[in-house]
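Reading through the structure tokens given below for one structure.
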Amino acid sequence: MSKLNKNENTTVTIKKTFNAPIQLVWEAWTQPEHIAKWWSPKGIETKVIEHNFKIGGKWKYIMPMLDGNEFVAEGKYIEIVKFEKIISTADFRPMTEGVEIQALFTENGNKTDFIFNIVHPTEAYKIQQEKMGILNGWGSVFDRLEKLLLEI
């Protein structure tokens with residue numbers, strides 16, 4: 001079950017407006033060929049291993065790191081409402097485990113208002129993740145998404 005009624009003490013929120021229509025932003029979030037181009041910090045390529053985009057479906061992306069290790073991102077879709085929200089469990093090993101990610105989309109003319117929530121199991125874990133740079137990491141990823149939206 002989703003934690004959509006999030007607790008501010010356990011949730012990191014990023015808000016952004018993409019200069020692209022909601023259909024295009026949705027496509028970038030739901031099509032593996034697009035995800036591979038933006039779902040990682042600059043300089044790292046994403047390999048889409050699994051992408052079963054349906055409620056209960058699993059996803060798994062691997063990002064090779066410069067030191068030869070792999071960063072594994074995976075989860076299971078909890079809730080999908082077309083052009084509105086994608087909610088998933090998420091583990092980002094070795095750094096973050098047991099969170100829920102919520103991508104919320106709102107049409108705003110030819111733009112898309114976007115809210116991204118990372119819901120942590122505890123406030124202490126949220127604070128630890130903030131200190132590790134979660135906002136910078138996701139900010140970099142969403143900058144890549146913004147650039148991709150200009151290309152597709």
Side-chain angles (χ1 to χ4, degrees), residues 1-18 20 22-42 44-65 70-108 111-149:
M1 174 176 241
S2 169
K3 303 168 188 167
L4 194 53
N5 294 327
K6 63 185 178 67
N7 178 334
E8 298 296 329
N9 295 331
T10 60
T11 303
V12 174
T13 298
I14 298 171
K15 295 181 181 181
K16 191 167 184 77
T17 297
F18 292 111
I22 199 164
Q23 294 84 353
L24 193 60
V25 177
W26 185 263
E27 180 182 326
W29 265 90
T30 60
Q31 301 302 311
E33 65 272 17
H34 297 315
I35 293 166
K37 295 178 183 173
W38 67 266
W39 184 279
S40 57
K42 187 176 181 180
I44 299 174
E45 289 298 317
T46 301
K47 295 178 188 174
V48 177
I49 305 301
E50 185 174 2
H51 182 75
N52 190 4
F53 188 67
K54 65 179 187 177
I55 295 173
K58 294 181 180 179
W59 58 271
K60 182 176 184 177
Y61 313 143
I62 294 179
M63 294 157 271
M65 306 304 283
E70 292 182 332
F71 186 81
V72 179
E74 62 186 330
K76 184 169 74 172
Y77 293 106
I78 299 170
E79 189 174 356
I80 300 169
V81 178
K82 190 172 184 178
F83 302 138
E84 185 179 326
K85 62 184 160 186
I86 302 169
I87 300 176
S88 171
T89 64
D91 294 317
F92 302 95
R93 292 186 319 269
M95 296 166 46
T96 306
E97 293 189 43
V99 298
E100 179 178 287
I101 55 175
Q102 305 169 348
L104 309 173
F105 310 85
T106 304
E107 186 173 13
N108 182 359
K111 297 180 180 184
T112 303
D113 294 333
F114 174 70
I115 298 173
F116 188 70
N117 295 315
I118 307 111
V119 184
H120 300 81
T122 67
E123 183 176 4
Y125 194 37
K126 173 203 169 210
I127 292 167
Q128 174 198 14
Q129 294 290 299
E130 288 175 319
K131 288 178 180 175
M132 287 176 45
I134 194 169
L135 288 170
N136 289 335
W138 280 107
S140 167
V141 169
F142 295 144
D143 287 347
R144 289 187 76 188
L145 173 56
E146 190 167 40
K147 288 177 184 166
L148 176 68
L149 290 169

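Nearest heavy-atom pair across Ile44 and Pro64 is CG2-O, 3.5 Å. Nearest heavy-atom pair across Ile78 and Ser88 is CD1-C, 4.0 Å. Considering every non-hydrogen atom in both Pro121 and Gly98, the closest pair reads CD-O, 3.5 Å. A pairwise comparison of heavy atoms in Ile14 and Leu135 identifies CG1-CD2, 3.7 Å as the closest pair.
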Start with the C-alpha distance between Lys16 and Asp143, add both sets of side-chain angles, then the distance that settles salt bridge (charged side-chain N to carboxylate O under 4.0 Å, His left out), and finish with yes or no. CA-CA 10 Å; Lys16 191 167 184 77; Asp143 287 347; 3.5 Å; yes
If you apply the rule side-chain contact (heavy atoms from CB on, under 4.5 Å), what do you find for Thr112 with Leu24, and how did you get there? CA-CA 9 Å; Thr112 303; Leu24 193 60; over 6 Å; no
Test log, rule side-chain contact (heavy atoms from CB on, under 4.5 Å), inputs Glu123 and Ile127: CA-CA 6 Å; Glu123 183 176 4; Ile127 292 167; 3.9 Å; yes
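Between Glu130 and Lys126 the shortest side-chain heavy-atom distance falls below 4.5 Å. The side-chain heavy atoms of Lys54 and Tyr77, taken from C-beta on, include no pair separated by under 4.5 Å. Side-chain contact between Gln31 and His51 is absent, with no heavy atoms from C-beta onward closer than 4.5 Å.
Ring geometry for Phe105 versus Trp29: interplanar angle over 60°, hence perpendicular rather than tilted (30 to 60°). By the 30° and 60° cut-offs, the orientation of the rings of Phe18 relative to Phe114 is tilted. Below 30°, between 30° and 60°, or above 60°: for Trp38 and Phe142 the angle between ring planes is between 30° and 60°, a tilted geometry. Taking the six-membered ring where the residue is Trp, Trp39 and Trp138 present perpendicular rings, their angle passing 60° and hence far from 30°.
Of the listed residues (Thr13, Thr10, Thr11), just one forms a side chain to side chain donor-acceptor pair (under 3.5 Å) with Asn117, and that residue is Thr13.
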